[in-house]
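None of the values given here were measured: they were computed from a predicted structure. Both backbone and side-chain heavy atoms feed into the values below; hydrogens, waters and symmetry mates do not.
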Amino acid sequence: MEKKMMSYVVVLIVLCCGVTPARSDGSDHKYKAGDQVTMYANKVGPFHNPSETYRFFDLPFCAPVSSLPKDVFTAHVTEKKEALGEVLNGDRLVSAPYKLDFMYDKDSEIVCKKKLSKEEVSLFRNAVAKDYYFQMYYDDLPIWGFLGKVDKEGKTDPSEYKYYLFKHLHFEIFYNNDRVVEINARTDPNALVDITEDKEVDVDFMYSVKWKESTTPFEKRMEKYSQSSSMPHHLEIHWFSIINSCVTVLLLTGFLATILMRVLKNDFVKYAHDEEAADDQEETGWKYIHGDVFRYPKYKSLLAAAVGSGTQLFTMTIFIFILALVGVFYPYNRGALFTALVVIYALTSGIAGYTASAFYCQLEGTNWVRNLILTGALFCGPLFLTFCFLNSVAIGYTATAALPFGTIMVIFLIWALVTSPLLVLGGIAGKNSKSEFQAPCRTTKYPREIPPSPWYRGTLSQMAMAGFLPFSAIYIELYYIFASVWGHRIYTIYSILFIVFIILLIVTAFITVALTYFQLAAEDHEWWWRAFLCGGSTGLFIYGYCLYYYYARSDMTGFMQTSFFFGYMACICYGFFLMLGSVGFRAALFFVRHIYRSIKCE
């Protein structure tokens, strides 16, 4: 039954993403010679600031011209209707000023003759100085290029730099029978306009089109964009990352298996043989806190909510990997990932409600409604506050990252009509499950005093140790993920990423179990929160890597890009904290139950 439900959810998610598991890029048009092929202009922005993008016609380009009756021509920009994920991705597609008819060559065709005012020259110069790029789509194939160049040769003083605007675009289009399979765009380095000074400039914007026949099948036309991440030298680094992670896992698991198995075996033998003489011995070790180890923790409602939210995020991650492995997130499938994230998070909210409510009731909690509200707000609350601030920043910059009011209402309706009802239904089902906690030992009436421990056994020290090993297993792959999300690198090797994710889970579980054992051996029975914090501490290390990446590996600048990077990465790392914290806690709970079930508890 669960497998059937899972398959239904996958199909629903795929349909909501607007794609099929097969490799199709959404455009299956067949053309005849002379047919008009749709071309859209998307956005412009600083090359090193991926979040800071603006509408194409925020710069004074030539607007598309449409003919009206009596041969009257007028500028007319048509906006393309976009899916939810495209809007979240900052895409704002409008009709482009270029007409590239199928198999119809053009040579130095004039788009428009324009007299740029001083203000427009200043806009273009500022864009060229910041390395602005443009992005367009032709038959759903991406095109990009730079607006101009800065001549710094032989000049040390920035005031002496020369700024030039490219005015001639060359399109090279490849076709296979009646379909477009590839397009390249390059600028003419000799067709330049000097925009160094604030003065009016006459510009003839032009373009040329050259059609060439290709043998590339239509079904494989998107493979060109994914080959960069599959090149041999990149694959070597990825495999080195996996080998590094596997060695870490083998060493860790081998060490833990050897040490823990031997220590636990000796403990079991010792406790079994010394049952009668226990009264004459000094009580030490993890067995002697059996009356306290299952004493319910402080803030159990918050712990249950955190475990529930982490379980939901873990489930969502698994679904995302399933979609990635079946080929949904191919390069430049605009907005598919964002659509999937919104839809999957909404559909899996019932898992958070059920897990949190059931666990809270197992801990003999009574106010399950408050626990359910806390579960719903634990991740969405910080995400919502972050979004409100960053969206306000984007509105101030008039960037495409600012979500329109209609999109915000759609997301609100998804939350109100899907996420919240499923959360409540899951919570009711968890409350009515009436499952018991299954503690193998009875809890004493009064808690045992915890002996003082050295500094390295403290919570912060344990979190540092617990987070370092899982982070060391993934840090090589992190660079490629960051370069894809916060740059222009294409990432398509999802199978390797999935292997690294599995290794991350294994290392997190094992290191949390080991630290929990050492904590219990020191007769510290307050392990519940420690296990969760140690498991989730990898999220803090990832955020620390954000600082390193921003200052050492990227060229991002400006308040908007900085706030977007650190704001949304804080939410992502917080999600990792909850997800890995729940993984570590469940592993520790299973381990603690197992060892105390294996001894005789009075």
Side-chain angles (χ1 to χ4, degrees), residues 41-63 90 96-98 108 110-136 142-171 184-208 393-394 396-401 483 486-489 549-565:
N42 187 12
K43 52 191 176 184
V44 295
F47 182 76
H48 299 293
N49 290 356
S51 300
E52 187 183 345
T53 55
Y54 304 94
R55 294 176 180 269
F56 185 82
F57 289 109
D58 283 350
L59 292 177
F61 290 108
C62 297
Y98 308 100
S108 299
I110 293 180
V111 183
C112 74
K113 295 183 178 182
K114 191 164 186 176
K115 189 178 189 69
L116 298 178
S117 64
K118 293 180 181 179
E119 292 76 15
E120 291 173 332
V121 168
S122 178
L123 281 174
F124 272 125
R125 185 175 62 250
N126 181 59
V128 171
K130 293 182 178 179
D131 282 335
Y132 267 48
Y133 71 98
F134 65 83
Q135 187 186 53
M136 303 182 190
I143 315 164
W144 53 87
F146 287 99
L147 302 185
K149 70 173 186 178
V150 183
D151 183 12
K152 302 179 182 178
E153 188 174 354
K155 303 175 182 67
T156 56
D157 187 357
S159 63
E160 297 177 354
Y161 292 167
K162 292 287 187 179
Y163 299 90
Y164 297 98
L165 177 69
F166 296 131
K167 66 176 183 177
H168 195 162
L169 270 178
H170 291 270
F171 295 102
N184 297 314
R186 60 182 178 84
T187 51
D188 188 344
N190 299 317
L192 302 173
V193 179
D194 190 344
I195 53 173
T196 306
E197 299 178 6
D198 281 332
K199 63 180 182 180
E200 293 184 348
V201 177
D202 291 317
V203 184
D204 294 346
F205 288 101
M206 297 180 292
Y207 69 104
S208 300
V393 171
Y397 275 73
T398 65
T400 59
W486 300 105
H488 302 279
R489 187 187 294 270
Y549 182 85
Y550 181 85
Y551 290 106
R553 303 304 294 270
S554 78
D555 295 313
M556 292 184 277
T557 56
F559 176 73
M560 177 182 170
Q561 182 60 47
T562 302
S563 58
F564 264 68
F565 178 77

NZ/K167 to CD1/I110 distance, rounded to the nearest 0.5 angstrom? 9.5 Å

Y549 and M556: side-chain contact (heavy atoms from CB on, under 4.5 Å), yes or no, with the steps? CA-CA 10 Å; Y549 182 85; M556 292 184 277; 4.2 Å; yes

Could I get the full list of salt bridge (charged side-chain N to carboxylate O under 4.0 Å, His left out) partners for K43, not counting sequence neighbours? D91

Enter the distance from L192:CG to L165:CG here, rounded to the nearest 0.5 Å. 8.5 Å

Restricting to side-chain hydrogen bond (donor to acceptor under 3.5 Å, both in side chains), what partner residues turn up for Y207, sequence neighbours left out? K106

In Å, rounded to the nearest 0.5 Å, how long is the span from NE2 of H168 to CE of M206? 5.0 Å

What donor-acceptor contacts under 3.5 angstrom involve side-chain atoms of residues 120-134, with partners at least two apart or in another chain?
| residue | atom | partner | partner atom | Å |
| --- | --- | --- | --- | --- |
| E120 | OE1 | S117 | N | 3.0 |
| R125 | NH1 | I195 | O | 3.2 |
| R125 | NH1 | T196 | O | 3.4 |
| R125 | NH1 | D198 | OD1 | 3.0 |
| R125 | NH2 | D198 | OD1 | 2.8 |
| R125 | NH2 | D198 | OD2 | 3.4 |

State, to 0.1 Å, how close A394 and A401 come at their nearest heavy-atom pair, and which atoms those are. CB-C, 3.9 Å

Output all residues satisfying side-chain hydrogen bond (donor to acceptor under 3.5 Å, both in side chains) with T562, sequence neighbours left out; order by chain, then residue number. Y550

Heavy-atom donor-acceptor pair, D202 side chain to K113 backbone, under 3.5 Å: no

Nearest heavy-atom pair of P50 and Q561: which atoms, and what distance? N-OE1, 3.4 Å

Considering residues at least two apart in sequence or located in another chain, which fulfil the side-chain hydrogen bond (donor to acceptor under 3.5 Å, both in side chains) criterion with S563? none

Does the gap between the ring centers of F146 and F166 come in under 6.0 Å? no

Quick check: does any side chain N or O of T400 sit under 3.5 Å from a backbone N or O of T53, one acting as donor and the other as acceptor? yes

For D157, all residues meeting salt bridge (charged side-chain N to carboxylate O under 4.0 Å, His left out), sequence neighbours excluded: none

Inter-residue atom distance K155.NZ - Y161.OH, 0.5 Å rounding: 9.5 Å

Full working for side-chain contact (heavy atoms from CB on, under 4.5 Å) between K114 and F61: CA-CA 9 Å; K114 191 164 186 176; F61 290 108; over 6 Å; no

Taking the side chain from H48 and the backbone from T557, do they hold a donor-acceptor pair closer than 3.5 Å? no

Here the pair of heavy atoms bringing D555 nearest to N49 is O-OD1, 4.3 Å

So which heavy atom on F57 is nearest to which on A63, and how close? CE2-CA, 3.8 Å

Nearest heavy-atom pair of P158 and Y163: which atoms, and what distance? O-OH, 4.3 Å

Quick check: closest heavy atoms across A399 and Y54, and the distance to 0.1 Å? CA-CD2, 3.9 Å

Heavy-atom side-chain contact between F564 and E52 under 4.5 Å: no

Does E153 offer a backbone N or O that forms a donor-acceptor pair with the side chain of D151 under 3.5 Å? yes

Let me see the working for N42 and M136 under side-chain contact (heavy atoms from CB on, under 4.5 Å), right down to the final yes or no. CA-CA 5 Å; N42 187 12; M136 303 182 190; 5.9 Å; no

